[in-house]
Amino acid sequence: MIRHSKGPILIIIMRHRYTLVLSAMRLIRPSNRRHLTSIASPDSEFISYMNNKAKSINKALDDSIPLCNNSVPLWKPVLEVREAMRYTLLSGGKRVRPMLCLVACELVGGQESTAMPAACAVEMIHASSLILDDLPCMDDDSLRRGKPTNHKVFGEKTAILAANALMSLAVEQTLASTSLGVTSERVLRAVQEMARAVGIEGLVAGQAADLAGGRMSFETEDEGLRYLEFIHIHKTAVLVEAAAVVGAIMGGGSDEEIERLKSYARCVGLMFQVMDDVLDETKSSEELGKTAGKDLITGKLTYPKVMGVENAREYAKRLNREAQEHLQGFDSDKVVPLLSLADYIVKRQN
């Protein structure tokens, strides 16, 4: 079984440098840290920036699934699937993934409009994963973003169809980028990245491991931590990585730039999950907009369960520092949103 003594946990993490993220537990050099801190500003200015990006993204998402279609009659069952797709896709959220896609595109010299279809596609994949994740046969949740989950409103059959339709529409959205002047080679590469993120090397693997995690026992904290990391690299971080990579591809980024943004996004994705686990244990359902404490009740493997709440918070801070390291060398003005995004995630309260 997993031991819950907190003392040796960080030492274990430091000693076992078995992945990109955990191998990066070293501190940033003082001079670099001062530079990065001085240009990052996770304050009201960044919140305004996020809101403006979210507004553009929400409009594009709204336009992507109209409820009426002049060329094809929409019978009631088909209309209900469209309503279910829109219900989850337009239900709010921070839009971290599509925003990251847009910012990555701009960082490597592209335009927001060039990456918008792909950014919408990433959010469609995310929405699809949320619908499936909440199903009774999966995490069996009834609350998401302060509203009843999709299957609670539309029923399980319609929810599953809506999730499948969102995945398909994500591919269509990305392919539409060719009409914006994006080369077919870049579009194909972006579609391949999204497919990898969704499949057996991505979300599917992470979800399978997550569902089994509560029934597993581990002889050491290190073994439990490695299993937990596998879950969230594949279930959470992989789609955040895909968002950054696809944005950089659409913007014409070099292989080196794409790889650095991918490494940044992996840290951000893991950090997001660490904080999600911490908030699930320390906040109420009203504060979170979803069922609080459910992971503890169902016995799921979480970062606080493995290393304790305070050590989990410290781990998130270390991931933030590592994320910032990967952005060194980019334009100091264009990189500000990504630095601020990382700070925002590690400090978020819901």
Would you mind checking if [Y] and [X] are paired as a salt bridge, meaning a charged N to carboxylate O distance below 4.0 Å?
X: Glu106; Y: Lys53; answer: yes
X: Arg318; Y: Glu314; answer: yes
X: Asp134; Y: Lys152; answer: no
X: Asp62; Y: Lys55; answer: no
X: Arg266; Y: Glu241; answer: yes
X: Lys59; Y: Asp63; answer: yes
X: Arg226; Y: Glu229; answer: no
X: Lys235; Y: Asp276; answer: no

Checklist line | For Ser129, all residues meeting side-chain hydrogen bond (donor to acceptor under 3.5 Å, both in side chains), sequence neighbours excluded | finding: none
Margin query: Under the rule for side-chain hydrogen bond (donor to acceptor under 3.5 Å, both in side chains), what residues qualify as partners of Asn58, not counting sequence neighbours?
Written below: Arg95
Does any non-hydrogen side-chain atom of [Y] lie less than 4.5 Å from one of [X]?
X: Ile47; Y: Tyr344; value: yes
X: Ile57; Y: Met116; value: yes
X: Thr302; Y: Val306; value: no
X: Glu322; Y: Tyr264; value: no

Notebook entry, point to check: Are Thr149 and Arg144 linked by a side-chain donor-acceptor pair shorter than 3.5 Å?
Noted result: no
Next item on the list: Verify whether one side chain among Asn150 and Thr88 offers a donor that lies under 3.5 Å from an acceptor in the other.
Entry: yes
Note to self: side chain to side chain contact (heavy atoms under 4.5 Å, CB included), that's the test. Do Ile258 and Ile249 meet it? Break it down for me.
What the structure shows: CA-CA 7 Å; Ile258 290 171; Ile249 290 170; 3.8 Å; yes
Any sub-3.5 Å donor-acceptor pair from [X]'s side-chain atoms to [Y]'s backbone N or O?
X: Arg196; Y: Gly202; result: no
X: Ser168; Y: Asn164; result: no
X: Arg97; Y: Val240; result: no

Note to self: Below 30° counts as parallel, above 60° as perpendicular, anything between as tilted: where do the rings of Phe154 and Tyr87 land?
What the structure shows: perpendicular
Next item on the list: Show the numbers, then the answer: is there a side chain to side chain contact (heavy atoms under 4.5 Å, CB included) between Asn320 and Gln324?
Entry: CA-CA 6 Å; Asn320 186 16; Gln324 292 185 8; 3.6 Å; yes
Next item on the list: Give the minimum heavy-atom separation between Ala237 and Leu270, together with the two atoms involved.
Entry: CB-N, 4.0 Å
Next item on the list: List the steps and the verdict of side chain to side chain contact (heavy atoms under 4.5 Å, CB included) for Ile65 and Leu166.
Entry: CA-CA 10 Å; Ile65 312 177; Leu166 283 167; 4.0 Å; yes
Next item on the list: Report the C-alpha separation of Met99 and Val103 in whole Å, then their side-chain angles, then the decisive distance to 0.1 Å, and conclude whether the side chain to side chain contact (heavy atoms under 4.5 Å, CB included) test is met.
Entry: CA-CA 6 Å; Met99 188 187 83; Val103 175; 4.2 Å; yes
